[in-house]
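A quick write-up on the structure given underneath.
What you see below is based on every heavy atom in this structure, not just the backbone, and it leaves out hydrogens, waters and symmetry mates. Keep in mind it's a predicted model, so treat the numbers as computed, not measured.
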2 protein chains.
Amino acid sequence: MPAASDCIEMLDSETKAVETPEDHAEELRLWLRLLTCTTLIEGEVRGRLRQRFDVTLPRFDLMAQLDKAPDGMTLSDVSKRMMVSNGNVTGLVERLVESGHLDRRTSETDRRVQVIRLTKLGRAEFRRMAAEHETWIADLFSDLTPKDVRELMRLLAKTKASAQKSAARRRP
Amino acid sequence: MPAASDCIEMLDSETKAVETPEDHAEELRLWLRLLTCTTLIEGEVRGRLRQRFDVTLPRFDLMAQLDKAPDGMTLSDVSKRMMVSNGNVTGLVERLVESGHLDRRTSETDRRVQVIRLTKLGRAEFRRMAAEHETWIADLFSDLTPKDVRELMRLLAKTKASAQKSAARRRP
DNA sequence: CCAAACTGTTTTAAGCCTAAAATGTTTTCC
DNA sequence: GGAAAACATTTTAGGCTTAAAACAGTTTGG
């Protein structure tokens, strides 16, 4: 229950933000709930991937990115898409090349760049896993109505935009 | 765009689920968006904790759990609350005891059990960090209206319940 | 009583992950 | 042209994380 006065104080005139210690308990609880949901689902998916296919979640995620890019991606692209560090991708790719799921080659036009693709084996295995994976997700969300799903999509889009804006404020 | 026929087929009579390969693209997109939001916010919080306080996110999370339990918690409790493995907690606690933030002692009534608490230093540092942390979260979610927050809370509660049910189906 | 089942924690082995520094390559722009 | 900036990737050092096995203590049921 945020006091209505807080909003009024925050909006008044051109003066700098009022220094009243505000109550942000609701946002904090929202963040913890968001984190709980993600951790719960992520753990479940991780376990099923391991049990059914003996594959890790990061490997699956990387293959998912590549499946959408038949012409391959650079390591930087992958790193941005997966929102993980560059060094992380290096190791992940190493292991997937080793196991025959990925093909990696140096770009001919820019020798800094490594382009990676799924191999035939990699694509086949990924498709097989992805089909089952989709049913797991459907089951995990199965109590939500189509309207719930739409509404969540909308609110999470707004959340994402808000967080990106906030992050940009700190790192202009 | 899910075909309306899918829903009709699923609901017809008592027959077992129809084997039509269904379209769960919406749920999949929802899951990816949820994951994106969490990753984005988590990364932001992690970076700020490191820059401002030179502390890692898992250490902060563990201290947050203990701050809510003045009489201490067992490692198992912490592990369940944080939704991480037991072994993970062991190492985390080790480092926080080493740095003087945690106190750890064997329970007198059950010698298997380790009870951990925040030290005076640990509590003071945590409170300092938590105050700032709360403003970061508020800022990250600042584009959401109070109504958005309430609605998200409600939908995520439903999501959590759905996922827990699904997980329980596989591991009864 | 005491063996078996159970519970709480630690250890192990392997992989994931990050931030920061280092390396090699290309672009910019004077 | 060549120094400086920018870029892509790898390396490094350290911490996080998991699943499974091992260990230690407690409870239970014959």
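- A salt bridge does not link B:Asp139 to A:Arg170: none of the charged nitrogens lies less than 4.0 Å from a carboxylate oxygen.
- Using a 4.5 Å heavy-atom cutoff, the side chains of A:Leu34 and A:Leu156 are in contact.
- You'll find that the side chain of A:Val113 is closest to D:dT9, out of D:dG25, C:dT9, D:dT9.
- Picking from C:dG8, D:dA19, C:dT26 the nucleotide with the shortest atom distance to the side chain of B:Ser76 gives C:dG8.
- The CG atom of A:Leu57 sits 10 Å away from the P atom of C:dC16 (whole-angstrom rounding).
- Axis angle across the helix from C:dC1-D:dG30 to C:dC30-D:dG1, with five pairs used at each end and values rounded to 10°: 10°.
- A salt bridge does not link A:Arg128 to A:Glu132: none of the charged side-chain nitrogens sits closer than 4.0 Å to a carboxylate oxygen.
- Atom CZ of B:Arg50 and atom C1' of D:dC16 are 15 Å apart (whole Å).
- The residue among A:Thr56 and A:Asp110 whose nearest nucleotide of DNA chain C lies closer to the 5′ end is A:Thr56.
- Straight-line distance from the CG atom of B:Leu62 to the P atom of D:dG15: 16 Å, rounded to whole Å.
- Summarising the geometry, the separation between CZ on A:Arg48 and C1' on D:dA19 is reported as 17 Å, rounded to the nearest angstrom.
- Along DNA chain C, the nucleotide nearest B:Gly43 and the nucleotide nearest B:Gln114 are compared for position; the residue whose nucleotide lies closer to the 5' end is B:Gln114.
- You'll find a donor-acceptor pair under 3.5 Å spanning the side chain of B:Arg112 and the base of C:dT7, going by distance alone.
- Contact annotation: the side chain of B:Phe141 never approaches that of B:Asp148 to less than 4.5 Å [non-hydrogen atoms, C-beta and beyond].
- At whole-Å resolution of the value, CZ in A:Arg111 and P in C:dT23 are 18 Å apart.
- Taking the side chain as every heavy atom from C-beta outward, B:Asn86 and B:Thr90 never approach each other to under 4.5 Å.
- The stretch residues 82-108 of chain A touches DNA chain C through A:Met83, A:Val84, A:Ser85, A:Gly87, A:Asn88, A:Leu92, A:Arg95, each having a heavy atom within less than 4.0 Å of the strand.
- Scanning both residues, B:Arg169 and A:Ser142, for their nearest heavy atoms gives NH2-OG, 3.6 Å.
- Taking atom CG of residue A:Asp54 and atom C1' of nucleotide D:dA19, one finds them 12 Å apart after rounding to whole Å.
- B:Thr39 contributes a side-chain N or O that, together with a main-chain N or O of B:Leu35, makes up a donor-acceptor pair within less than 3.5 Å.
- Between A:Glu42 atom CD and C:dC16 atom C1' there is a gap of 12 Å when expressed in whole angstrom units.
- When the side-chain nitrogen and oxygen atoms of B:Arg59 are compared with OP1 and OP2 of D:dG15, none of them lie within a distance under 4.0 Å.
- Classification of A:Arg154 and A:Glu151 as a salt-bridged pair holds, one side-chain N sitting under 4.0 Å from a carboxylate O.
- If you check the side chains of B:Gln114 and B:Thr106, you find a donor sitting under 3.5 Å from an acceptor.
- Between B:Met63 atom CE and D:dC16 atom P the separation is 11 Å, expressed in whole Å.
- For the pair A:Ser99 (side chain) and A:Arg95 (backbone), a donor-acceptor distance under 3.5 Å is present.
- The side chain of B:Ser79 contributes no N or O atom lying less than 4.0 Å from OP1 or OP2 of C:dT9.
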